[in-house]
Amino acid sequence: MAVRACGLIVYRRLRPSKAADNIEYLLLQTSYGSHHWTPPKGHVDPGEDDLQTALRETREEAGLQAAQLALVDGYRKELHYPVNGKPKTVVYWLAEMKDSNTEIKLSEEHQAFQWLKLEDACKFAEYEDMQAMLKDAHQFLCSRK
């Protein structure tokens, strides 16, 4: 059976405008393994639904409460890839910071965070499927009126 994880692509707008260059994405750097960069995410606990997991993991890993975020309707993306020879599915939603100055409080699982514009976020996110998802989320945001 596939390992299942869920997370949020957290973004903020630097100014209250719809301009594409106005958006930054939150990436966290793991404090283990290859120190890769990803949005907050984690494994589904027994009895949790996927969205509950995404919100809990974002709270645990970045210190962001559900009330500080606005989920974006209509965006949900699944990534599928192998980890240690086993299939893994990660489900992401898109969430905007209500206050772009809210402090990020990392857990011990991460050693750094950055707010990055799309181009830089794709450089930090080394995996092609993560880069494609960030580009897809950005296009989704830019196409909304």
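Note that the numbering runs from 1 along the sequence shown for the chain.
- Annotation: ring pair (Phe, Tyr, Trp, His ring centres under 6.0 Å) contacts of Y25 (sequence neighbours excluded): H138.
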Exercise for review: Start with the C-alpha distance between K77 and D136, add both sets of side-chain angles, then the distance that settles side chain to side chain contact (heavy atoms under 4.5 Å, CB included), and finish with yes or no.
Suggested key: CA-CA 9 Å; K77 192 81 169 176; D136 182 66; 3.5 Å; yes

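- Residues E126 and T38 are not in side-chain contact: their nearest non-hydrogen atoms beyond the backbone lie 4.5 Å or more apart.
- Residues in residues 46-75 take part in these ring pair (Phe, Tyr, Trp, His ring centres under 6.0 Å) pairs, two or more places apart or across chains: Y75-F140.
- No side-chain heavy atom of L79 sits less than 4.5 Å from a side-chain heavy atom of Y127.
- Taking every heavy atom of both residues into account, E57 and P40 meet most closely at O-CB, 4.4 Å.
- Heavy-atom contacts from other residues, nucleotides or ligands closer than 6.0 Å to CD of E119 number 12 or fewer.
- Judged as a side chain to side chain donor-acceptor pair (under 3.5 Å), the pairs with a partner in residues 3-12 (not counting sequence neighbours) are, in order, R4-D50, Y11-E96, R12-E24.
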Exercise for review: Please test Y92 against M130 for side chain to side chain contact (heavy atoms under 4.5 Å, CB included), starting from the C-alpha separation and ending with a verdict.
Suggested key: CA-CA 11 Å; Y92 285 101; M130 178 63 68; 3.4 Å; yes

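- When every heavy atom of A121 is checked against every heavy atom of L27, the shortest pair comes out as O-CD1, 3.6 Å.
- Within a 6.0 Å sphere centred on CG of D45, other residues, nucleotides and ligands contribute more than 12 heavy atoms.
- Cluster note: W115 groups with L8, V10, L26, L28, L51, L55, L64, L69, L71, V91, W93, M97, I104, L106, F113 through ILVMFWY side-chain heavy atoms spaced under 4.5 Å, whether in direct contact or through intervening members.
- Annotation for V44 and C6: closest pair CG2-SG, 3.8 Å, computed over non-hydrogen atoms.
- Between K98 and Q68 there is no side-chain heavy-atom pair separated by less than 4.5 Å.
- When every heavy atom of A5 is checked against every heavy atom of K88, the shortest pair comes out as CB-CE, 3.9 Å.
- Residues E61 and S107 bring no donor and acceptor atom of their side chains to less than 3.5 Å of each other.
- Residues satisfying the side-chain hydrogen bond (donor to acceptor under 3.5 Å, both in side chains) criterion with E78, sequence neighbours excluded, are R76, H80.
- Among residues at least two apart or in separate chains, ring pair (Phe, Tyr, Trp, His ring centres under 6.0 Å) pairs with a member in residues 26-72 are W37-F124.
- Smallest separation of non-hydrogen atoms from Q131 and C122: NE2-O, 2.9 Å.
- Panel note: side chain N22, backbone R13; no donor-acceptor pair is recorded below 3.5 Å.
- For the pair T30/E109, no side-chain contact is recorded, criterion being any heavy-atom separation below 4.5 Å from C-beta on.
- At a threshold of 4.5 Å between side-chain heavy atoms, the hydrophobic network of Ile, Leu, Val, Met, Phe, Trp and Tyr places L94 and L134 in one connected group.
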